Engineer: 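Could you have a look at this structure, given as structure tokens, before my questions?
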Amino acid sequence: MPFLMAAFVLGQSVKSMEISWSHVAPGVWRAQIGKPDSPTLLSAAKDSPEIDALRRLGEASAKPPIDLSSATGLVADEFASARVPLAKDEKLFGLGLQMHGANRRGGVYHLRVDHYSAGQDRLHAPVPLYVSSAGYAVLFNTSRPVSIYAGVGNRRGANNPAPRDRNTDPNWDAQPPSDAVEASVQGPGLEVLVFAGPSPMEAVERYNLYCGGGALPPRWALGFWHRTPSLDTAADVEQEVAEFKKRDFPIDVLGLEPGWQSKSYPCTFAWSPQRFPNPAAFVDGLRSKGVHVNLWSNPYVSPDSPIFKALEPDYGSHMVWLGPAPDLQLPSAARTIADFFTKNHLDIGVSGYKIDEIDGFDNWLWPDHATFPSGLSGLRMRQIYGLLWQRELDDMFRRQNRRTFGLVRGSNGGASRFPFALYSDTYDHREYITGMVSTGLAGVLWCAEARDAANGEEWVRRMQTAAVSHIAQLNAWASGTKPWSFAGFEDAVRSAMLFRIRLVPYLYTAFAQYHFRGTPVIRPMSLVDGGEETDQYLLGDDLLVAPMLTGEKTRKVRLPKGNWYEYASGKFAGSSQTIDIAPALDEIPVYVREGALIPTLGDNARNATLGPDSELIIRHYGPGEGRGLLYEDDGETFDYEKGHYAWERLTTPAIGLTGAIERTEGNYPSAFRKITWKHIGSG
Ligand code: GAL
């Protein structure tokens, strides 16, 4: 059992004390400092560790990854803090969705869910998890905002460098390094979890598996998403979808923005009788065209909502835009919402939600001192509100044995298993790519959506980045921009969107790896080989992606160990080196590892859902034998949890020879009738 270590207070002196660790899962240790209050991030997310999968990662438990005996804790005055040792040469990565930089060592981070925080990144998912280059990860599991001093803050008596004289020493340092990470909350305690590697990637896998395994979206969710302008009517939307089809642009998900509701900000959650007079027929009509409907909402309840009264006992003390916020910790609130959403949305075929405005912003959210009936303050509720909504919505679909996928603007630690991607009102292209890369260290997903652009070139580059993100989305809620809005650039945009669609079997496999093995879909270089690049990443096992920004004609790409080939041409690109590239406007720089077999859809594919004529094309790169993976299941339900899935091993002996597909796990019969093996390039 974790052991409580209180502060040792003697007159004026406060001593930190050793903490006691318990081994809670293969390769996972936990300690408590003080009396952590409930819920924590992990308990709010109601995670259940995937113990078998953790065990498959290797027990790694004989020895903790760091000297836990030198970690200390302290509860004094209003703070509880933890001090975790740090070696001199360790780099630190992570700390949630971060739009800048990679190595966090030397920084101070105040991790508080916030829409905007002056001088800091937007804190849509300030996951208090860091990953060390030495191959372990540490989570501060608390629903309180956490301040992290990542190798700075010099405690007396610790192993500090000698002071320097600023008068004479040019190497004087304003932030002398420290030998620890210190983390604190204003509260009675916090829990610390340490995840063993041995590599940084395995530490992240272990964290994701401990959180229940990464999300496995329905297959259709990996196609192309389009969100229509806020006040569009059903007829406008139907016309827009028809236009996509006519112009041969893929569309899998249609996102409705605020106007589908009778009132919004605060929200009724009820369809507008004027704009959507027959919601069931509308949703059904789109479904028959292979298009899934996703609904925007924020959680604040309009007095005109049909469930306003039923939720009355469950509201917090304060309102947002004059709509109260239901306390989703209470089963009664969760039930009222689930009943209404199920009857009015799910039962007519709605596929998921975009939960907006949940990340708070001091100007409009409830104050920190707000109270909620379950006993949480506004401050703590803000930290977990996104988790609670994701959990409830996911459960709602789960009860129907249907998978969902959606968007959410606030999340936190413990979210790995939730099928939601984050997004932001910011719109800096470079930050979007850095943010996307950072999610691989945080158990969250990111939607690098395209919204509008100053010119055709920017539009193409934005849509290309969207195509290689967790959700490929055009969000035209304000701009009304269409894929074809920039004359002369439609073909380049279409080709980015079709690239995405064709990649679905590979992407779906990468998500299955996230789910079953905890391996992130978008893998930062810090996890691949310790690199600190924030503008390139691995997508799944074998693709290296290096998106282009507007105005860039050239860029550098660092190819990790081994030989790499250009995705489209199969041309040899280089080997363990940094290359200079000058891709054409219609090219997304994507490189393939030698020997990879990439499962893709045939050229006739126009959306992510498989049909009887779906062709599987297995692309083979490099001169020698090939190997790859393919995951299949029904793409829609949770039957994979009962073994109804298949992991298939792809192998081919050499160029020009047909390969073999061998099922190694599960009982799902492959959906592909037509399979083509294709060597790309001359070899
Ligand atoms: C914003 C959100 C946008 C859009 C808009 C609709 O808060 O970030 O993506 O949904 O609300 O009013």
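This one's a predicted model, so the numbers in the text were calculated from it and none came from an experiment. Both ligands and their constituent atoms are indexed starting at 1 by order of listing.
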Engineer: With a 4.0 Å cut-off on N to O distance, would you call R430 and E552 a salt bridge?
Structural biologist: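 Counted as a salt bridge, because a side-chain N and a carboxylate O are separated by less than 4.0 Å.
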Engineer: Name the residues in contact with ligand 1, where contact means a heavy atom under 4.0 Å away: which are they?
Structural biologist: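 Ligand 1 pocket, heavy atoms under 4.0 Å: E257, P258, Y265, W296, K354, D356, E357, R409, Y423, D425, N475, W477.
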Engineer: Under the salt bridge (charged side-chain N to carboxylate O under 4.0 Å, His left out) rule, collect the residues that match up with E587, sequence neighbours excluded.
Structural biologist: none
Engineer: Looking at CZ of F244 and CG of D252, how far apart are the two atoms once the value is rounded to the nearest 0.5 Å?
Structural biologist: 10.5 Å
Engineer: Please assess D395 against K46 for the test salt bridge (Lys or Arg N to Asp or Glu O under 4.0 Å), listing each intermediate value before the final yes or no.
Structural biologist: CA-CA 11 Å; D395 280 355; K46 286 220 173 98; over 6 Å; no
Engineer: Report yes if some heavy atom in the side chain of F224 is under 4.5 Å from a heavy atom in the side chain of R606; otherwise report no.
Structural biologist: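 Of all side-chain heavy-atom pairs linking R606 with F224, none is under 4.5 Å.
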Engineer: Do the non-hydrogen side-chain atoms of Q329 and F372 ever get within less than 4.5 Å of each other?
Structural biologist: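 No, every pair of side-chain atoms sits at 4.5 Å or beyond.
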